[in-house]
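Residues take their numbers from the sequence shown, with the count starting at 1. Remember, it's 1-based here, ligands and their atoms both numbered in the order they're listed.
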Amino acid sequence: MLSRVARRAFSSTVANPYKVTVLGAGGGIGQPLSLLLKLNHKVTDLRLYDLKGAKGVATDLSHIPTNSVVKGFSPEEPDGLSNALKDTDMVLIPAGVPRKPGMTRDDLFAINASIVHDLAVAAAESAPNAAILVISNPVNSTVPIVAQVLKSKGVYNPKKLFGVTTLDSIRASRFISEVEHTDPTQERVNVIGGHSGITIIPLISQTTHKLMSDDKKQELIHRIQFGGDEVVKAKNGAGSATLSMAHAGAKFANAVLSGFKGERDVIEPSFVDSPLFKSEGIDFFASPVTLGPDGIEKIHPIGELSSQEEEMLEKCKETLKKNIEKGVSFVASK
Ligand SMILES: NC(=O)C1=CN([C@@H]2O[C@H](COP(=O)(O)OP(=O)(O)OC[C@H]3O[C@@H](n4cnc5c(N)ncnc54)[C@H](O)[C@@H]3O)[C@@H](O)[C@H]2O)C=CC1
Ligand SMILES: O=C([O-])CC(=O)C(=O)O
């Protein structure tokens with residue numbers, strides 16, 4: 001006879017049988033992200049892959065008494081990457097180099113485009129039905145790279161490809177609460193556009209703080225857009241946001257799994273293949289999406305914008321278009 005606790009654990013295993021793979025699991029984001037996924041009861045099979053260190057991280061996490069089995073994979077073993085990916089439900093990609101002071105996210109393209117491209121090829125071959133969550137920068141270009149790879153392999157499902165922009169939203173909640181002296185856990189700010197500088201558009205006019213003074217608002221918007229720089233500067237050459245990003249990545253991954261499970265009204269922002277500005281040649285755009293059993297169920301419209309936000313949107317679109325084209329051309333040139 002099973003105890004009540006054992007019964008609960010068993011039933012949660014059976015009800016939530018999700019396999020999740022982290023590519024880049026040995027890195028600054030990968031390690032805490034893997035820890036948070038180990039603590040997520042929706043995950044039963046956690047596979048960690050990295051060029052180095054994934055086996056150690058997996059063994060370490062495997063001692064935590066949650067329901068998931070954790071396994072590490074390395075490129076040294078035959079089929080390490082494909083075994084990490086085989087039939088997985090979700091792939092998170094934080095593999096790649098982070099910024100150093102003075103660099104833009106676009107400066108990372110030269111190295112990260114190839115890394116993300118090759119991992120996307122492997123995911124297309126070994127996990128064609130998985131949701132793919134791209135963390136590696138520059139997200140505005142790496143997401144289109146993954147889309148092009150999946151298209152070339154005939155397995156592209158736009159409902160299951162996500163650029164993770166959750167960090168922009170959580171920063172917005174935190175920073176607005178610091179200005180307005182409110183509870184950050186209760187703040188919701190829609191952040192739309194992309195994931196770099198001026199492509200990040202926090203819609204303050206849609207919050208309850210729309211009457212904030214112009215100076216205060218300007219400062220707040222700038223801080224949200226360039227929050228990443230704050231961390232890069234403070235880490236002084238040792239990388240960019242890892243812990244807040246791990247939290248953001250785990251939050252978004254949990255939302256996708258909640259959608260898979262059939263939970264209702266699961267809404268998170270993400271940079272996705274979006275109809276919102278396709279007529280203007282912009283195929284990807286971040287806005288809130290409802291997540292469901294098949295991935296994206298609904299892409300929400302951006303709602304009403306202030307005239308200042310309209311101006312920001314126009315500037316965002318110019319940059320975003322170039323960033324997306326860069327990713328698409330990269331795959332075409334391969
Ligand atoms: N989307 C977002 O909001 C954010 C994105 N990032 C981005 O995430 C990426 C990772 O950042 P960190 O974890 O701080 O870097 P890191 O350098 O600490 O870790 C990256 C890991 O990727 C691994 N890696 C490199 N090539 C690989 C490959 N081909 N296959 C498997 N693993 C590979 C490395 O061995 C390393 O362990 C960067 O591109 C960074 O800009 C960072 C913060 C926020
Ligand atoms: O700033 C960076 O390079 C890392 C990142 O994307 C962020 O912290 O938002």
Side-chain angles (χ1 to χ4, degrees), residues 21-34 47-57 72-76 80-82 84-85 91-123 132-143 145-146 162-172 174-175 191 193-197 199-200 202 223-235 237-253 268-271 286 323:
T21 302
V22 182
L23 305 179
I29 295 168
Q31 291 201 33
L33 175 61
S34 301
R47 294 112 175 251
L48 309 183
Y49 175 83
D50 199 301
L51 298 182
K52 51 183 191 320
K55 280 182 181 282
V57 176
F73 299 84
S74 85
E76 277 92 48
L81 180 54
S82 56
L85 287 164
V91 184
L92 292 109
I93 311 184
V97 291
R99 283 198 287 164
K100 289 192 188 314
M103 292 172 81
T104 65
R105 291 184 184 81
D106 191 49
D107 293 334
L108 301 173
F109 187 96
I111 297 176
N112 289 353
S114 292
I115 293 174
V116 172
H117 174 277
D118 295 354
L119 294 175
V121 169
I132 302 186
L133 281 58
V134 184
I135 293 170
S136 316
N137 273 313
V139 166
N140 294 356
S141 304
T142 50
V143 172
I145 287 175
V146 176
F162 305 93
V164 182
T165 59
T166 321
L167 185 53
D168 302 316
S169 308
I170 67 170
R171 280 186 180 132
R174 177 68 214 179
F175 298 166
V191 183
H195 179 67
S196 72
T199 69
I200 298 169
R223 189 169 180 217
I224 296 167
Q225 291 184 319
F226 295 92
D229 296 34
E230 226 177 80
V231 184
V232 169
K233 198 167 162 225
K235 291 199 174 175
S240 55
T242 54
L243 303 174
S244 50
M245 181 59 230
H247 166 69
K251 183 174 190 281
F252 188 71
E268 285 288 335
S270 181
F271 184 68
N323 293 162

Student: Return the residue, atom name and 0.1 Å-rounded distance of the protein heavy atom closest to atom 31 (C) of ligand 1.
Tutor: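 Closest protein heavy atom to atom 31 (C) of ligand 1: Y49 CE2, 3.6 Å.
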Student: Below 3.5 angstrom, do we get any N/O pair linking A241 and ligand 1?
Tutor: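 Min N/O separation from ligand 1 is not below 3.5 Å for A241.
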Student: Is a donor from one side chain sitting under 3.5 angstrom from an acceptor on the other, for T199 and N323?
Tutor: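 T199 vs N323: no donor-acceptor pair found between side chains.
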Student: Looking only at heavy atoms of L23, does any of them come nearer than 4.0 Å to an atom of ligand 1?
Tutor: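 Contact check L23 vs ligand 1: negative.
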Student: Strictly under 4.0 Å, does any heavy atom of N137 approach an atom of ligand 2?
Tutor: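 N137 counts as a contact of ligand 2 under the 4.0 Å cut-off.
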Student: Where does V139 meet ligand 1, judged by heavy-atom distances below 4.0 Å: at the side chain, the backbone, both, or neither?
Tutor: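 It is the side chain that gets close, since no backbone atom is under 4.0 Å.
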Student: Hey, which atoms in ligand 2 end up nearer than 4.0 Å to a heavy atom of H195?
Tutor: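 Once the distances to H195 are compared, the set is 5 (C), 6 (O), 7 (C), 9 (O).
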Student: Using distance alone, determine whether G27 and ligand 1 share an N or O pair under 3.5 Å.
Tutor: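 Such a contact does occur with ligand 1.
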Student: Among all protein heavy atoms in this structure, tell me which lies nearest to atom 36 (C) of ligand 1, with the distance rounded to 0.1 Å.
Tutor: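 Closest protein heavy atom to atom 36 (C) of ligand 1: D50 OD2, 3.6 Å.
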Student: Tell me the contacting part of I115 for ligand 1: side chain, backbone, both, or neither, using a 4.0 Å heavy-atom threshold, strictly below.
Tutor: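 Just the side chain.
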Student: Looking at atom 9 (C) of ligand 1, what's its closest protein heavy atom, distance included?
Tutor: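 Looking only at protein heavy atoms, the one closest to atom 9 (C) of ligand 1 is P94 O, 3.7 Å.
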Student: Has ligand 2 got any nitrogen or oxygen that is less than 3.5 angstrom from a nitrogen or oxygen of D168?
Tutor: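 By distance alone, the answer is no.
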Student: Among all protein heavy atoms in this structure, tell me which lies nearest to atom 17 (O) of ligand 1, with the distance rounded to 0.1 Å.
Tutor: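 Nearest neighbour among protein heavy atoms for atom 17 (O) of ligand 1, to 0.1 Å: P98 CD, 3.5 Å.
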Student: Number the atoms of ligand 2 from 1 as they appear, then name those within less than 4.0 Å of a heavy atom of L167, with their elements.
Tutor: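 In order of numbering, the contacting atoms are 7 (C), 8 (O), 9 (O).
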Student: Would M103 count as a contact of ligand 2 if the rule is a heavy atom under 4.0 Å away?
Tutor: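 Per 4.0 Å heavy-atom rule, M103 does not contact ligand 2.
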Student: In the protein, which heavy atom is nearest to atom 42 (C) of ligand 1, and how far is it?
Tutor: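 Answer, as residue, atom name and distance: I29 CD1, 3.3 Å.
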Student: For ligand 2, which part of R105 has a heavy atom less than 4.0 Å away: the side chain, the backbone, both, or neither?
Tutor: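 It is the side chain that touches ligand 2; the backbone stays farther off.
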Student: Looking at R99, which atoms of ligand 2 are within less than 4.0 Å of one of its heavy atoms?
Tutor: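 Atoms satisfying the 4.0 Å criterion: 1 (O), 2 (C), 3 (O).
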Student: Is the shortest N/O to N/O distance between S136 and ligand 1 below 3.5 Å?
Tutor: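 N/O-N/O distance below 3.5 Å does not exist for this pair.
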Student: Report the nearest protein non-hydrogen atom to atom 4 (C) of ligand 1: residue, atom name, distance rounded to 0.1 Å.
Tutor: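 Going atom by atom, the protein heavy atom closest to atom 4 (C) of ligand 1 ends up being M245 SD, 3.5 Å.
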Student: Heavy-atom count around K251 NZ within 6.0 Å, excluding the residue itself: above 12?
Tutor: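 No, because the 6.0 Å sphere around NZ of K251 holds 12 heavy atoms or fewer from other groups.
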Student: Heavy-atom pairs closer than 4.0 Å: do any link ligand 1 to the side chain of L108, the backbone, both, or neither?
Tutor: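 Side chain only.
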Student: Looking at ligand 2, would R171 count as a contact under a 4.0 Å heavy-atom criterion?
Tutor: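 Yes; R171 lies near enough to ligand 2 that a heavy-atom distance drops under 4.0 Å.
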Student: For atom 14 (O) of ligand 1, what's the nearest protein heavy atom and its distance?
Tutor: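 Residue, atom and distance for the closest contact: T242 CG2, 3.4 Å.
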Student: Counting each atom of ligand 1 from 1 as listed, which ones have a heavy atom of G28 under 4.0 Å away?
Tutor: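 Here the atoms of ligand 1 in question are 13 (O), 16 (P), 18 (O), 19 (O).
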